[in-house]
Amino acid sequence: MSSLLKVDREMKTKAEHLVASFFPRKLLQLDNFLKEPILNVIDLKEIHSEIKFKVPDPILFNNSHDGVDMNTKKRKLEDGVTVESWQGGTKTLVMPEGMLKCNTKLVDLIERVKPEIRTLIEKCNTVKMWVQLLIPRIEDGNNFGVSIQEETVAELRTVESEAASYLDQISRYYMTRAKLVSKIVKYPHVEDYRRTISEIDEKEYISLKIIVSELRNQYVILHDMILKNIEKIKKPRNCNSEALY
C-alpha cells in the first residue's frame, strides 16, 4: 500500500510540473522552431530531390516474326538495365548510380519532428493518468468537478490519438514515395512519375510545418485548460457543501 502511495505522489509531482513548467517551455520551443529557416522555405523547389536514374536507350524493333529481335530483347544495356519486356517496363539488375536516396532535406526535418511527437504523447499519457487517479468514487450529486476531470481526460486522449496519427502520416509518406520511385525505375521514360515525386515532397514539407504548429497549439490548449480548472481537477467535490435545506 505504501508503494502505491509513493507512486501516486511521484506521478502527482511529475504531472503538476509538466503542466506548470514543461508545457509552457515546450510551446515556446516549438514556436521558435516554426520561425527557423528550415520551416520557412518560400520557393518549395528548394526542397526537391533529384532522382538520379538515367533513362535507358530505347528498344529498337526490326522485321522479325514476333515484332522484336530476340537478341535485343535479352541484351544488357550499358546502364545496368535488362529489357525483359517492352510492354511490362524494365527489370533492374544493377543500379548504376547506386542506391536511390531519400529526400535528405525532408529526412532531416522529419528526424527533428518525430521526437517532438513522441514527447507530446508521453507527457499527455502521464498527465492523463494523474487526472484519472484524482477522479473520486461514483456518488450521487455534486459531480460538476468530476465532469471537468472526465473532459480533461478526454482532451488528453484526443491529443494522444492525433499525435500518433502524425507518426502514421510520416510512414505513409515514405511508403508512397518508395512506390513512386519503383515506378520510375520500371518506367523511366514516364516524366509524370518524376514530377509526382516533387509534388509529394512539397506536400510532406507543408504537412510537417502544420504538424509542428499543431504540436505547439496542443501544448497551449492543454496548459490553458488544465490551469483554468486546476482546483476542480484536484478537488472535484466540495466536502463541506452546504445543505439544500
Side-chain angles (χ1 to χ4, degrees), residues 33 36-118 121 161-215:
F33 186 13
E36 291 185 20
I38 193 174
L39 283 177
N40 290 280
V41 175
I42 303 300
D43 186 0
L44 293 181
K45 290 182 180 179
E46 294 180 19
I47 58 100
H48 289 179
S49 178
E50 182 183 358
I51 303 297
K52 296 181 179 180
F53 184 75
K54 295 179 181 178
V55 177
D57 296 334
I59 301 172
L60 301 177
F61 292 92
N62 59 20
N63 295 324
S64 62
H65 67 281
D66 59 354
V68 65
D69 180 53
M70 296 304 294
N71 293 327
T72 302
K73 181 179 178 181
K74 293 297 183 180
R75 70 185 176 89
K76 291 186 177 178
L77 301 176
E78 292 180 357
D79 59 0
V81 177
T82 297
V83 179
E84 289 288 332
S85 170
W86 60 95
Q87 294 179 343
T90 59
K91 181 177 180 180
T92 303
L93 298 180
V94 178
M95 296 299 294
E97 293 83 10
M99 181 184 295
L100 291 179
K101 298 290 186 179
C102 301
N103 186 323
T104 54
K105 295 177 182 177
L106 284 179
V107 170
D108 292 342
L109 183 55
I110 287 171
E111 291 306 309
R112 287 192 61 183
V113 173
K114 282 173 64 178
E116 299 294 349
I117 299 173
R118 291 196 299 267
I121 293 173
S161 178
E162 289 180 358
S165 72
Y166 299 151
L167 295 175
D168 290 337
Q169 177 181 315
I170 292 171
S171 299
R172 287 196 302 272
Y173 160 71
Y174 282 126
M175 183 61 67
T176 302
R177 197 176 193 277
K179 289 179 179 178
L180 279 170
V181 171
S182 300
K183 289 287 188 181
I184 291 174
V185 173
K186 190 173 183 181
Y187 304 105
H189 297 86
V190 182
E191 184 183 1
D192 290 296
Y193 285 131
R194 296 175 186 261
R195 288 187 176 273
T196 306
I197 289 288
S198 298
E199 292 293 332
I200 66 166
D201 282 349
E202 290 182 11
K203 179 182 176 182
E204 182 64 13
Y205 176 79
I206 295 170
S207 296
L208 288 169
K209 185 171 182 177
I210 293 173
I211 286 173
V212 175
S213 178
E214 285 298 312
L215 294 176

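None of these values were measured; they are calculated from a predicted model.
- Residue V41 comes nearest to I38 through the heavy atom pair CG2-O, 4.0 Å, listed as atom of the first residue, atom of the second, then distance.
- In this structure, the side-chain hydrogen bond (donor to acceptor under 3.5 Å, both in side chains) partners of N103, at least two apart in sequence or on a different chain, are D201.
- Looking at residues two or more places apart in sequence or on another chain, you find a side chain to side chain contact (heavy atoms under 4.5 Å, CB included) between E191 and R195.
- With values rounded to the nearest 0.5 angstrom, K183 atom NZ is found 11.5 Å from T196 atom OG1.
- Not counting sequence neighbours, E204 has no partner by the side-chain hydrogen bond (donor to acceptor under 3.5 Å, both in side chains) test.
- Atom CD1 of I47 sits about 7.5 Å away from atom OH of Y205, to the nearest 0.5 Å.
- Using a distance-only test at 3.5 Å, with no hydrogens or angles considered, a donor-acceptor pair links the side chain of K105 to the main chain of E46.
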List, one per line, each side-chain donor-acceptor pair under 3.5 Å for residues 107-114, sequence neighbours excluded.
unit_1	atom_1	unit_2	atom_2	d
R112	NH1	E36	OE1	2.8
R112	NH2	E36	OE1	3.4
R112	NH2	E36	OE2	3.2

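- Between the SG atom in C102 and the CZ atom in R177 there is a gap of 6.5 Å [rounded to 0.5 Å].
- The structure places NZ of K101 at 15.0 Å from CD of E50, a figure rounded to the nearest 0.5 Å.
- To the nearest 0.5 Å, atom OG of residue S161 and atom CD1 of residue I121 are 9.0 Å apart.
- Under the side-chain hydrogen bond (donor to acceptor under 3.5 Å, both in side chains) criterion, E214 pairs with no residue, sequence neighbours left out.
- Put simply, NZ on K209 and CG on N40 are 4.0 Å apart, with the number rounded to the nearest 0.5 Å.
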Could you go step by step and tell me if Q169 and Y173 meet the side-chain contact (heavy atoms from CB on, under 4.5 Å) rule? CA-CA 6 Å; Q169 177 181 315; Y173 160 71; 6.0 Å; no

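- Under the side chain to side chain contact (heavy atoms under 4.5 Å, CB included) criterion, K45 pairs with D43, H48, sequence neighbours left out.
- No side-chain heavy atom of I184 sits less than 4.5 Å from a side-chain heavy atom of L100.
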